[in-house]
Amino acid sequence: MGRRAKNKQGPPQPFVGLRDATAKHSGNATVQKTGKASAAKRKLGALDDTESITKGRAKKFKHEQPQKKNQSGSGITHENENEDSSDSESEHNALDKEFKATPLHSSKKDLFEAESSEGSSSHSEDLTDQFGHKVQTLDLSDSEDQASHDDDIQNETLSESSGSEDDIVTARNMEKRSGALDRQARREQEEDFEETMQSMQKDQEGSEMMDVDVDIEGFRLPTAAEREEESRNGGTDLATIQRRIRGCTRVLNRFSKLAEPGRSRSEYVSQIIADIAYNYGYNEFLTERLFQLFNVNEAIEFFEANETPRPVTIRANTLRTRRRDLAQALVNRGVNLEPIGKWSKEGLQVFESSVPIGATPEYLAGHYMLQAASSFLPVIALDPKPNERILDMASAPGGKTTYISAMMQNTGVVFANDATKARTKSLSANVHRLGCKNVIVCNYDGREFPKVLGGFDRVLLDAPCSGTGVISKDPSVKINKSERDFTLLSHLQKQLILCAIDSVDPKKASVVVYSTCSVMPEENEAVVAYALRKRSHVKIVPSGLEFGKEGLSNFRGKHFGDSLKLARRFYPHVHNMDGFFVAKLLVERRQKMETATEGSHPTELAGFIDDEHGELLDASRGALTFDAEEDARYMEAERRKRLKAKGYRVRPQKSVDTVV
Ligand SMILES: C[S@@+](CC[C@H](N)C(=O)[O-])C[C@H]1O[C@@H](n2cnc3c(N)ncnc32)[C@H](O)[C@@H]1O
């Protein structure tokens, strides 16, 4: 059995309000909730990614990790978008039940305003299929030419019936009525959620005033001797660990007021790092590195968010279909979905599916790609245009390549390269399945570019990385990363980014986008800052992405420069998508640089500076150009070979055949 989608989270877009509210709660007061509010909070469990560990989420994770792993298996790994996983029917049924109690993120309200006016929707109707099953229909009432394909997604109502008719429950009206009840429940949940948040805020304020947290009252940091004793005994129980995490969080938030006399901040930090590592199953090295990225509350939210899978998302392949047609087809198959967010015209979030989402006829026909929301971002930043020449330097299994191809409407050419030959198989399979006719798959080490090929209008370097942004998909990252890995990766990434920059057409301004699914500064800002230092004709420009946190201009004593703020960071606990980094670089024409710096040092002349080891780089290396004439000869020779193979008689043509 193939993958069944189960997706209980809000859409992958910022949920700052929620986060802020829960962040306040996190590590502080225990909430005294009203019955109604508590119920709402329970129902919102799946939405509330950031629920404080005071609610025992961490403990829950310890017990539920294997199942969660299964759930995340229904998601898509960044590395292999066409991978299927199987889930048992019973698990699916259980999740079905859970799902029905799960409210959608409040932003759904924005996306489907029509839904909120219950009873007034005239956008859809219930139909019966040939087997007598009810099928849902999309609102297709507004004329659908290509322009309307780009309509605001608010118009793209996914199947809601009016629910206005009969009072008596019949088989015919049951579905409508249940839809109406769902909406009613959703509205109530939203109201309850508001109420809960207000109640939490009050509790928070109250407890701050009194400085009391019943649960961790009397918290005391263990002494060095006690810690040693504890480790000799093989650790302590999870409840103690979690209580300590809360205690340390609270003290670190208000250190001068709450710290025990004589105990330093670093003692609390060291304790909380050890406890987080134990509680969430990381090695201490990575825990510390990740902890350093955030303030204490946010760090806890980040670790918590890594315990739940991100939403299952798909990208409509506009080479084969339109998003609303695809959505309609999938809804008819029993898939519950909605647009991913206003920032994407192609993305859909799958909440629930009674069919394996990786094996529907639409999937097999290439109407969509299973693709993480974060994986859309670098391509949006790259902004490929029809008829351009584009290099996707590390492209397997092709989620971004096929998106680039679709954005170019199958014109121009995309060189989809990957150094790992085995991975180019799934890349080729995806390219074929999605009907991308402008893609050439190749298998080089990216560092061989631009010697292999150059003259690109745009280059995407979605670099090999540590995967610290996708821990929920690949929990092995928690324990298998060391300092050496980060050093080696950072080095490789620096080499690759220079090669990406040197592969663009020197005769015109071009674009390079650098991205990773890592949150580590040494794989992100440090790499881009290095490239900016080494290539004086390159600058970082706004990414064109509507959301995301600013890149870091400095980190723990390392200065990357203010311009790095133009890069964008995405986090699971903030944006409900994989941790991701995107930087867009503008590579200026080199001739311009040559004129401007005539007579100066040869390395500056071409925008090249000495490489890491102090050697001067060959300025001509980056000046490889695209020879259309030569390519045409090769293509003609290939065409003739194909004709011959099919048994056609082809007249010899010396000038062409000699190049074969
Ligand atoms: C993050 S994945 C790329 C995902 C891909 N862009 C997509 O959207 O489907 C990184 C890829 O880099 C490839 N890779 C690793 N080292 C490389 C190198 N030196 N040159 C080119 N590709 C490399 C890996 O095989 C892997 O497929």
Side-chain angles (χ1 to χ4, degrees), residues 75-83 313-315 317 346-347 368-382 384 390-407 414-434 436 439-453 456 458-471 473-474 477 485 488-503 512-520 523-524 527 570 577-582:
I76 313 98
T77 65
H78 179 64
E79 295 279 315
N80 193 353
E81 275 91 349
N82 65 353
E83 203 174 75
T313 49
I314 62 177
R315 175 177 58 79
N317 175 23
E346 295 91 357
Y368 62 91
M369 185 80 178
L370 287 162
Q371 192 162 355
S374 55
S375 165
F376 291 44
L377 303 170
V379 182
I380 295 172
L382 188 70
I390 293 192
L391 171 62
D392 187 353
M393 198 177 236
S395 63
K400 298 177 191 77
T401 302
T402 51
Y403 191 13
I404 293 171
S405 164
M407 282 173 98
V414 186
F415 285 87
N417 178 68
D418 201 279
T420 315
K421 191 157 189 190
R423 288 173 66 84
T424 59
K425 282 189 187 154
S426 53
L427 168 63
S428 294
N430 281 323
V431 164
H432 284 293
R433 185 174 60 83
L434 276 81
C436 304
V439 175
I440 296 173
V441 172
C442 47
N443 171 223
Y444 293 99
D445 187 316
R447 291 168 292 184
E448 290 177 49
F449 286 84
K451 278 189 195 142
V452 179
L453 273 174
F456 292 97
R458 295 170 205 259
V459 178
L460 172 63
L461 173 56
D462 185 36
C465 69
S466 63
T468 46
V470 288
I471 290 172
K473 275 179 194 156
D474 180 9
V477 173
D485 292 317
L488 291 178
L489 274 168
S490 183
H491 187 73
L492 172 64
Q493 289 154 346
K494 285 172 180 168
Q495 291 177 319
L496 285 169
I497 198 172
L498 292 189
C499 293
I501 289 168
D502 298 348
S503 297
V512 171
V513 167
Y514 177 80
S515 62
T516 69
C517 55
S518 165
V519 293
M520 306 305 274
E523 296 183 73
N524 296 323
V527 174
F570 302 87
M577 52 172 74
D578 295 332
F580 219 82
F581 175 86
V582 180

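This structure is a prediction, so every number in the text was calculated from the model and none was measured. Counting convention: from 1, in listed order, for ligands and their atoms alike. Throughout, numbering of the chain's residues begins at 1 and tracks the sequence.
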Check this for me - ligand 1, [X], N or O atoms closer than 3.5 angstrom, yes or no?
X    : result
L496 : no
L492 : no
G399 : yes
R447 : no

Find all atoms of ligand 1 within a distance of less than 4.0 Å from any non-hydrogen atom belonging to [X], and give their numbers and elements.
X    : result
D445 : 18 (C), 19 (N), 20 (N)
P397 : 9 (O)
K400 : 6 (N), 7 (C), 8 (O)
A419 : 17 (C), 18 (C), 20 (N), 21 (C), 22 (N), 23 (C)
D462 : 1 (C), 3 (C), 4 (C), 5 (C), 6 (N), 8 (O), 10 (C)
G446 : 18 (C), 19 (N), 20 (N), 21 (C)
M393 : 21 (C), 22 (N)

Query raised in the report: Counting heavy atoms only, which part of S395 comes closer than 4.0 Å to ligand 1: side chain, backbone, both or neither?
Result: backbone

Do the side chains of [Y] and [X] get nearer than 4.5 Å, heavy atoms only?
X    : Y    : answer
F449 : S503 : yes
P464 : L492 : yes
L496 : R447 : yes

Requested in this report: Please round to the nearest 0.5 Å and tell me the distance separating atom CG of L427 and atom OG1 of T402.
Outcome: 8.5 Å

Query - side-chain hydrogen bond (donor to acceptor under 3.5 Å, both in side chains) involving Y403 - partner list, sequence neighbours excluded - result: E346

Query raised in the report: Of L391, L460, V439, which is the lone residue that meets side-chain contact (heavy atoms from CB on, under 4.5 Å) with V414?
Result: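 Checked L391, L460, V439 against V414; only one passes side-chain contact (heavy atoms from CB on, under 4.5 Å): V439.
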
Report task. Show your reasoning for whether ring-ring contact (aromatic ring centres under 6.0 Å, His included) applies to F456 and F415. Result -> CA-CA 9 Å; F456 292 97; F415 285 87; 5.6 Å; yes

Query raised in the report: Quick one: do D392 and K400 make a salt bridge, cutoff under 4.0 Å?
Result: no

